[in-house]
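One structure below.
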Amino acid sequence: MPGRSDPVAVSVSDLRMGTAGILEQQYFVKLRIQNPNNEELNLTGIAFELELNDKPFAKGTGAGPILVPRFGSQVVEVETLSTLTGLLRQLDRPVGGSGVAGRFGYRIKGRLHRSGLGRVISFDEKGELSMPGAPEGETK
């Protein structure tokens, strides 16, 4: 059916620390944008909110151009900012969160912007991140 498309998926593929001050922390988030459609995506920008362990953590924006091929994916690195409040929310969690040390559940929600008026693609995805050196699973 013409004009119909499958949802675009956005996931976090990496998170690294940038600069850190007392009131604001900078992170660089690598996002994987997957396009399951037969039309390439020409994006002019992205805006999103990132939650870790069900708590607001950071907000990010990035400008294009970002080209996601048809039936393909593209990884983009986006500057993300957290405030002291977002950082303190994370420190007030049990070690390991879901029972495995060094793992974080995340939710990322936001908008991908395409050229032209009204050309916005919303996304809301959940996943899990592992910190470097974290165990892959529970050992007995």
Side-chain angles (χ1 to χ4, degrees):
M1 184 179 293
R4 186 171 174 197
S5 61
D6 292 324
V8 173
V10 178
S11 60
V12 177
S13 65
D14 194 22
L15 172 67
R16 69 179 175 85
M17 186 73 173
T19 59
I22 292 175
L23 298 178
E24 183 178 82
Q25 300 77 44
Q26 175 193 48
Y27 299 88
F28 292 97
V29 178
K30 285 188 179 178
L31 301 175
R32 178 171 301 279
I33 304 169
Q34 293 178 303
N35 178 12
N37 298 294
N38 192 23
E39 178 183 319
E40 68 182 16
L41 291 175
N42 286 307
L43 303 175
T44 60
I46 183 172
F48 64 91
E49 296 177 13
L50 180 63
E51 295 178 6
L52 293 180
N53 296 311
D54 299 320
K55 297 177 184 177
F57 178 63
K59 294 181 180 184
T61 57
I66 303 166
L67 178 63
V68 186
R70 63 190 195 100
F71 302 116
S73 67
Q74 180 69 27
V75 175
V76 295
E77 187 170 67
V78 181
E79 177 187 48
T80 307
L81 299 174
S82 178
T83 63
L84 177 61
T85 304
L87 182 61
L88 290 175
R89 283 186 192 115
Q90 296 308 310
L91 296 176
D92 186 34
R93 74 175 185 87
V95 175
S98 64
V100 180
R103 293 203 178 170
F104 299 87
Y106 75 83
R107 178 181 181 193
I108 185 167
K109 57 185 175 178
R111 299 168 315 282
L112 300 170
H113 295 268
R114 300 174 75 173
S115 57
L117 295 175
R119 308 275 320 242
V120 175
I121 301 168
S122 296
F123 60 90
D124 189 342
E125 304 279 342
K126 292 183 179 183
E128 187 175 90
L129 290 172
S130 294
M131 297 303 287
E136 290 298 318
E138 296 182 10
T139 58
K140 295 184 182 186

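Here the structure is a predicted model, which means the values were calculated and not measured. All residue numbers refer to positions in the sequence shown, counting from 1.
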#### Entry: Donor-acceptor pair, side chain of N53 and main chain of G105, under 3.5 angstrom
yes
### Query
Counting distance only, does the side-chain N/O of T19 pair as donor-acceptor with the main-chain N or O of Q26 below 3.5 Å?
no
Please set out all donor-acceptor pairs under 3.5 angstrom arising from side-chain atoms of residues 56-72, sequence neighbours excluded.
{"residue": "R70", "atom": "NH1", "partner": "N38", "partner atom": "OD1", "Å": "2.3"}

### Message
Strictly below 4.0 Å, N to O, side chains only: are E125 and R32 in salt-bridge contact?
### Response
no
### Summary
By salt bridge (Lys or Arg N to Asp or Glu O under 4.0 Å), D124 pairs with (sequence neighbours left out) R107
### Task
Verify, without hydrogens or angle tests, whether Q25 (side chain) and G21 (backbone) share a donor-acceptor contact under 3.5 angstrom.
yes
### Query
Take atom CG in D54; do more than 12 heavy atoms of anything else shown fall under 6.0 Å from it?
no
### Query
Checking N37 side chain against D6 main chain: does a donor-acceptor pair fall under 3.5 Å?
yes
### Validation row: V78, F48 side chains within 4.5 angstrom (heavy atoms)
yes
### Within one Ile-Leu-Val-Met-Phe-Trp-Tyr cluster: L15 and M17, side-chain cutoff 4.5 Å
yes
### Over all atoms of both residues, closest heavy-atom pair of F123 and R111
CE2-N, 3.4 Å
### Message
Test side chain to side chain contact (heavy atoms under 4.5 Å, CB included) on L31 and V12; report intermediate values, then the result.
### Response
CA-CA 5 Å; L31 301 175; V12 177; 4.0 Å; yes
### Task
Tell me, please, which residues at least two apart from Y106 pass ring-ring contact (aromatic ring centres under 6.0 Å, His included).
none
